[in-house]
Amino acid sequence: MTTPRRPFREFDDAYDVESLRLARRVIRGLTMTMRHIVLAPGSRSAPMAYALREAEELGAITVHVRIDERSAAFTALGIAMATKSPAGVVTTSGTAAGNLLPAMMEADLSGIPLVAITADRPEEMHGTGANQTTWQQGMFAGRVRDEIHLEQGEARLEPESRDDMLAAETQVGLLLRVATGPAPGPVHLNIGFRDPLVPAAPGEGQRAGAQRWARTPLRPAPPSHRLRRAAARRDHRQRDPGRPRRAGPLCRAGVLRRDAR
């Protein structure tokens with residue numbers, strides 16, 4: 001006679017709403033390799049916004065906010081190109097997700113690991129005429145290396161072991177492996193969230209965000225000021241392409257410049 005395996009827990013947030021608990025697991029999977037994410041705020045993606053704030057406070061990820069979804073997508077695309085690492089963009093449901101398509105097309109053609117993270121209405125609300133509902137699964141077909149859908153209530157929140165392949169955070173981590181694999185490119189993560197979408201009030205002895213649930217970064221993220229300076233230098237060169245570049249040192253890290261030999 002065998003006894004059922006008990007869930008493997010690194011932290012306990014069972015007191016909170018399920019939508020926020022799912023968002024935390026998603027971010028744990030993302031932060032295995034992702035250090036920057038761009039958020040375009042919306043109501044259905046509220047659990048992701050709350051969880052991202054907690055993760056940023058815990059030092060797990062850097063969050064950039066853009067109101068316009070198209071601008072958010074191209075900001076994430078630029079960050080992925082500058083850092084040579086996957087970057088994510090989060091949107092709410094409906095037509096907001098469609099604004100990511102131009103950036104996803106460019107990421108596909110350029111082999112950039114851009115991760116589209118789209119919040120969705122529950123499946124039972126599709127095809128009912130509800131506001132801001134569309135069939136988001138497969139909306140980037142032909143442009144992404146892979147895609148997965150996580151449905152609240154069906155996705156496994158508590159892994160049964162450290163290597164539980166069906167756990168939500170493991171599924172997300174495997175998706176990012178595809179984005180950064182031998183043929184890098186964009187991927188799509190669609191998440192069906194159900195109400196309530198805001199955190200539960202912490203009970204006695206509990207403080208929201210007190211637990212260190214977010215993963216510690218494997219390597220430090222490039223400082224945001226370094227990204228800004230790199231963008232400024234690029235913009236300056238584009239405005240004045242005829243200006244000669246300043247020569248660097250004759251020797252850097254023990255390698256003599258070719259034109260100085």
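Keep in mind the model is a prediction, meaning the values are calculated, not measured.
Listed for the Gln136 side chain is a donor-acceptor partner under 3.5 Å among the backbone atoms of Gly94. The backbone N or O of Ala49 lies less than 3.5 Å from no partner atom in the side chain of Arg53, so there is not a single donor-acceptor pair. With hydrogens and angles disregarded, a donor-acceptor distance shorter than 3.5 Å links the side chain of Asp68 to the backbone of Ser71. Of the possible donor and acceptor atoms, none in the side chain of Ser19 sits under 3.5 Å from a partner among the backbone N and O of Pro47. With hydrogens and angles disregarded, a donor-acceptor distance shorter than 3.5 Å links the side chain of Arg145 to the backbone of Pro184. Between the side chain of Glu169 and the backbone N or O of Ile27, no donor-acceptor pair lies under 3.5 Å. The closest donor-acceptor contact from the side chain of Arg35 to the backbone of Thr62 lies at 3.5 Å or more, if one exists at all. Although no hydrogens or angles enter the test, the distance criterion places a donor-acceptor pair under 3.5 Å between the side chain of Thr31 and the main chain of Arg28. In this structure, Thr91 contributes its side chain and Glu69 its backbone to no donor-acceptor pair below 3.5 Å.
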Check against side chain to side chain contact (heavy atoms under 4.5 Å, CB included), Arg66 and Phe74: CA-CA 10 Å; Arg66 298 292 184 273; Phe74 276 102; over 6 Å; no

Is there a side chain to side chain contact (heavy atoms under 4.5 Å, CB included) between Leu157 and Leu22? Walk through the geometry before answering. CA-CA 6 Å; Leu157 300 183; Leu22 175 56; 3.8 Å; yes

Step-by-step side chain to side chain contact (heavy atoms under 4.5 Å, CB included) determination, Ile61 to Val63: CA-CA 6 Å; Ile61 200 165; Val63 181; 4.1 Å; yes

Show your working on side chain to side chain contact (heavy atoms under 4.5 Å, CB included) between Val90 and Ile37 and close with a plain yes or no. CA-CA 8 Å; Val90 178; Ile37 196 164; 3.6 Å; yes

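Follow the hydrophobic side-chain contacts under 4.5 Å out from Val115 and you reach Leu39 in the same cluster. Transitive grouping of hydrophobic side chains (ILVMFWY, heavy atoms separated by less than 4.5 Å) brings Ile191 and Leu197 into a common cluster. Connection of Leu114 to Ile117 is not established within any shared hydrophobic cluster, with ILVMFWY side chains joined at heavy-atom distances below 4.5 Å, either directly or through further cluster members. Using a 4.5 Å cut-off between side-chain heavy atoms of Ile, Leu, Val, Met, Phe, Trp and Tyr, with links allowed through other members, Val144 and Val172 fall into different hydrophobic clusters. Val178 and Val89 end up in different hydrophobic clusters when Ile, Leu, Val, Met, Phe, Trp and Tyr side chains are linked at under 4.5 Å.
Taken to the nearest 0.5 Å, the CG atom of Asp195 stands 9.0 Å off from the OG atom of Ser43. Annotation: the span from Asp120 atom CG to Leu150 atom CG amounts to 11.5 Å, rounded to 0.5 Å. With rounding to the nearest 0.5 Å, the separation of NE2 in His36 from CE in Met34 is 10.5 Å. Between the CG atom in Leu20 and the CZ atom in Arg25 there is a gap of 9.0 Å [rounded to 0.5 Å]. We find the CZ-CG distance between Arg21 and Asp13 to be 5.0 Å, quoted to the nearest 0.5 Å. In this structure, CZ in Phe140 is found 12.0 Å from CG in Asp108, a value given to the nearest 0.5 Å.
Side-chain N/O atoms of Gln137 and Asn190 include no donor and acceptor closer than 3.5 Å.
Counting only heavy atoms from C-beta outward, the side chains of Val26 and Met48 approach each other to under 4.5 Å. Looking only at side-chain heavy atoms (C-beta outward), Arg143 and Pro186 stay at 4.5 Å or farther from each other. In this structure the side chain of Thr134 never reaches within 4.5 angstrom of the side chain of Thr95, judged on heavy atoms. Contact annotation: the side chain of Glu151 approaches that of His149 to within less than 4.5 Å [non-hydrogen atoms, C-beta and beyond]. Residues Leu175 and Gln171 are not in side-chain contact: their nearest non-hydrogen atoms beyond the backbone lie 4.5 Å or more apart.
For CZ of Arg156, the number of neighbouring non-hydrogen atoms (other residues, nucleotides, ligands) closer than 6.0 Å is greater than 12. The number of heavy atoms from other shown groups lying within 6.0 Å of CE (Met81) does not exceed 12.
Of all heavy-atom pairs spanning Val17 and Val198, the tightest one is CG2-O, 3.3 Å. Pairing each heavy atom of Gly88 with each of Ala76, the nearest pair is O-CB, 3.6 Å. Shortest non-hydrogen contact noted between Phe193 and Ala119 is CD1-CB, 4.0 Å. For Leu176 against Pro86, the heavy-atom pair with the smallest separation is CD2-CG, 4.4 Å. Residues Met125 and Arg121 come closest through the heavy atom pair CE-NH1, 3.2 Å. Residues Arg194 and Glu124 come closest through the heavy atom pair NH2-OE1, 2.8 Å.
A side-chain contact (heavy atoms from CB on, under 4.5 Å) with Met139 holds for exactly one of Glu147, Met104, His188; it is His188.
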